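Below you'll find the structure, written out as structure tokens, and then a few comments.
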2 protein chains.
Amino acid sequence: MPLTILLVDDEPLVRAGLRAVLEAQPDIEVVGEAADGAAVIPLVRRLRPDVVAMDVRMPLMDGIEATRAVLRTVPDPPKIVVVTTFENDECVYGALRAGADGFLLKRARPAEIVHAMRLVAEGDSLLFPAAVRQLAASYGEDYGNAEARAAMERAALTQREEEVLRLMTRGLSNAEIADRLVVGTETVKSHVSSVLAKLGARDRTQAVITAYESGFVSPG
Amino acid sequence: MPLTILLVDDEPLVRAGLRAVLEAQPDIEVVGEAADGAAVIPLVRRLRPDVVAMDVRMPLMDGIEATRAVLRTVPDPPKIVVVTTFENDECVYGALRAGADGFLLKRARPAEIVHAMRLVAEGDSLLFPAAVRQLAASYGEDYGNAEARAAMERAALTQREEEVLRLMTRGLSNAEIADRLVVGTETVKSHVSSVLAKLGARDRTQAVITAYESGFVSPG
DNA sequence: GTCCGTCTCCCCCGTACGGGGGGAGACCCG
DNA sequence: CGGGTCTCCCCCCGTACGGGGGAGACGGAC
């Protein structure tokens with residue numbers, strides 16, 4: 001039986017290209033296409049492809065959400081290969097974390113694309129060699145959401161404010177932070193207020209989110 | 001001039017082993033050793049090694065903190081190779097994010113270790129091939145803080161609760177969530193309350209933190 | 001049929017939170 | 001010296017938040 005593949009990409013041109021490349025192989029069959037992540041789950045359920053080639057950047061639901069959704073909701077889910085244009089696309093990382101089995105550059109040569117699909121279908125996770133270095137490099141840059149990182153930089157928090165923010169990201173209340181820093185709660189409140197103002201956050205939750213998104217603190 | 005290396009590992013045996021392997025090479029010189037991350041910065045400043053071989057798990061200051069510290073405080077910092085025992089060591093990921101240039105398994109063959117040091121010194125980031133797959137697999141497992149992940153699993157949130165939590169992690173208020181889900185704010189409050197109860201969180205901020213730490217949502 | 005879980009909505013109530021002010025001492029730097 | 005920044009403290013005040021408790025509707029499980 002052939003290797004069945006579902007293509008998910010908002011650009012018809014890309015889908016056509018992938019289809020052409022893949023269907024040139026006698027043992028590979030493109031069983032369906034979707035233009036957005038939102039449409040993926042029912043298609044996967046119905047078509048039960050071996051592999052989903054998933055674009056990361058799509059209008060309604062991006063590849064990361066879609067990957068997560070498929071893996072959570074579909075029993076015995078297909079392998080998922082994330083397809084992207086840029087080697088250092090920050091989304092790739094999120095997709096891998098969401099459970100993608102590999103990723104692939106759009107500019108890869110046809111033979112490489114075919115090879116990647118076969119490898120993944122066989123259960124091999126892969127990180128495309130040319131991109132591994134870029135991926136590693138992006139780690140070095142202290143990965144994070146670009147806007148959030150910009151917000152953190154613009155913020156230019158003082159030492160004390162950074163300290164307070166860090167404690168906020170541990171889930172401490174103002175009173176607890178005051179206790180920890182051996183200052184009054186009113187002092188903490190004033191620090192918190194300037195942190196919120198500088199980060200453009202409405203409340204401490206948004207500030208903590210920005211801290212995570214910017215890489216100011218990292219999960220784990 | 002030789003390739004200079006600083007060894008950082010809490011186990012003398014491991015340091016001895018690395019030293020033996022590396023110094024067998026005529027062009028490699030181990031210029032120093034440290035037993036803990038806390039001692040690294042002054043040593044790096046004084047010895048100015050080309051590469052630091054850094055254990056991830058150490059008593060006082062772990063390899064992640066140490067890596068971050070070195071890269072932040074030392075001008076023109078050395079390359080840092082993270083050394084670990086386990087392929088799926090969760091710390092590895094954090095170290096890479098902290099700016100490590102590569103990682104290496106302790107069980108690697110001597111030739112591989114030497115090769116890795118040379119590669120990194122030449123400016124090549126590397127992810128050791130045998131470990132790449134493991135790393136990718138660990139992505140699939142949805143990397144995150146173990147306790148937080150356990151908390152998320154124990155929580156067993158309903159579909160709606162997950163949805164609400166996801167919107168909380170976008171920084172939305174109860175009213176905004178209600179608006180988004182087209183339900184009443186009281187409904188949202190009730191969902192939020194059960195999310196907090198299930199996650200053992202005191203407030204929405206702590207819930208969002210757990211969500212990030214567990215990998216329920218990922219920065220980026 | 002009954003039971004249970006989920007989703008929905010409602011009430012009251014206390015408080016931690018956050019906004020908006022003002023003010024004071026310490027420090028560095030031009 | 002004055003200006004700026006950082007730090008800390010205090011006030012009032014409104015409200016979003018979270019706890020507690022209750023309840024109807026739907027669905028699936030038994």
Side-chain angles (χ1 to χ4, degrees), chain A residues 41-42 45 69 72-75 148 151-213 216-217, chain B residues 148 151-213 216-217:
Chain A
I41 294 173
R45 285 185 181 280
R72 289 229 172 136
T73 62
V74 178
M152 274 298 303
E153 278 166 22
R154 270 197 310 276
L157 299 181
T158 70
Q159 199 174 338
R160 203 57 159 174
E161 286 160 354
E162 283 200 8
E163 214 166 341
V164 169
L165 177 55
R166 209 168 289 280
L167 293 174
M168 280 195 269
T169 65
R170 313 317 289 179
L172 274 61
S173 69
N174 289 340
E176 288 166 341
I177 293 173
D179 198 58
R180 190 72 71 90
L181 297 181
V182 200
V183 295
T185 59
E186 299 302 326
T187 303
V188 174
K189 283 178 63 174
S190 107
H191 288 313
V192 169
S193 283
S194 37
V195 168
L196 298 186
K198 287 184 177 179
L199 290 180
R202 191 176 48 196
D203 49 47
R204 67 203 297 104
T205 304
Q206 289 190 351
V208 167
I209 291 168
T210 302
Y212 271 101
E213 293 291 334
F216 177 78
V217 290
Chain B
M152 275 297 305
E153 277 166 24
R154 271 196 310 274
L157 300 181
T158 69
Q159 199 174 338
R160 204 54 159 174
E161 285 161 356
E162 282 201 9
E163 216 166 341
V164 168
L165 176 55
R166 207 170 291 281
L167 292 174
M168 281 196 270
T169 66
R170 316 317 285 184
L172 273 61
S173 68
N174 288 340
E176 288 165 340
I177 294 173
D179 198 59
R180 189 73 70 90
L181 298 182
V182 200
V183 295
T185 59
E186 299 301 329
T187 303
V188 174
K189 282 178 62 174
S190 118
H191 287 312
V192 169
S193 283
S194 39
V195 168
L196 297 186
K198 286 183 177 180
L199 290 181
R202 192 176 49 197
D203 50 46
R204 67 203 296 105
T205 304
Q206 289 190 351
V208 167
I209 291 168
T210 302
Y212 271 101
E213 293 292 334
F216 177 78
V217 291

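The figures that follow rest on heavy atoms only: side chains count, while hydrogens, waters and symmetry mates do not. All chains are named by letter (A, B, ...) in the order of the sequence lines, taking the proteins before the strands, and each is independently numbered beginning at 1. As the structure is a prediction and not an experimental result, all values here were calculated from the model.
Spacing between atom CG of A:L181 and atom C1' of D:dC8 amounts to 12 Å, rounded to whole angstrom units. Whole-Å rounding puts the B:Q206 CD to C:dC17 P distance at 10 Å. Rounded to a whole Å, the CE atom of A:M168 is 14 Å from the C1' atom of C:dA16. Atom CD of B:E163 is separated from atom C1' of C:dT8 by 14 Å (rounded to the nearest Å). The separation between B:L196 atom CG and D:dA16 atom P is 18 Å, rounded to whole Å. Residue A:L157 contributes atom CG, which lies 10 Å from atom P of D:dC6 at whole-angstrom precision. If you measure from atom CG of B:L199 to atom P of D:dG18, you get 12 Å, rounded to the nearest angstrom. In this structure, the NZ atom of A:K198 is 17 Å from the P atom of C:dG18, given to the nearest Å.
Residue A:T187 places at least one side-chain N or O under 4.0 Å from the OP1 or OP2 atom of D:dC9. Side-chain N/O atoms of B:T158 include none lying less than 4.0 angstrom from OP1 or OP2 on C:dT6. For the OP1/OP2 pair of C:dC17 and a distance below 4.0 Å, the side-chain nitrogens and oxygens of A:N174 include at least one atom meeting the criterion. Checking the phosphate oxygens (OP1, OP2) of D:dG18, a side-chain nitrogen or oxygen of B:R204 falls inside 4.0 Å. Here A:H191 does not reach the OP1 or OP2 of D:dT7: none of its side-chain N or O atoms lies under 4.0 Å away. In this model, the phosphate group of C:dG19 is approached by a side-chain N or O of A:S193 to a distance below 4.0 Å at OP1 or OP2.
Of the candidate nucleotides C:dT8, C:dG19, D:dA16, C:dT8 has the atom nearest to the side chain of B:R160. Nearest to the side-chain atoms of A:V192 among the listed nucleotides D:dG18, D:dT7, C:dG18 stands C:dG18. For B:E186, counting side-chain heavy atoms from C-beta on, the closest listed nucleotide (D:dT7, D:dG18, C:dC11) is C:dC11. Of the candidate nucleotides C:dC12, C:dC7, C:dT8, C:dC12 has the atom lying nearest to any side-chain atom of B:K189.
Atom CZ of B:R170 is surrounded by 12 or fewer heavy atoms from other residues, nucleotides or ligands within 6.0 Å. Within 6.0 Å of CZ on A:R45 lie more than 12 heavy atoms contributed by other residues, nucleotides or ligands. For B:R202, the CZ atom sits in a packed shell: over 12 heavy atoms of surrounding residues, nucleotides or ligands are nearer than 6.0 Å.
No side-chain N or O of B:E213 forms a donor-acceptor pair with one of B:T210 less than 3.5 Å apart.
Looking at heavy-atom distances under 4.0 Å, A:S173 makes contact with sugar-phosphate atoms alone, never a base.
A salt bridge is absent between A:R166 and A:E163; no separation between the charged side-chain nitrogens and carboxylate oxygens falls under 4.0 Å.
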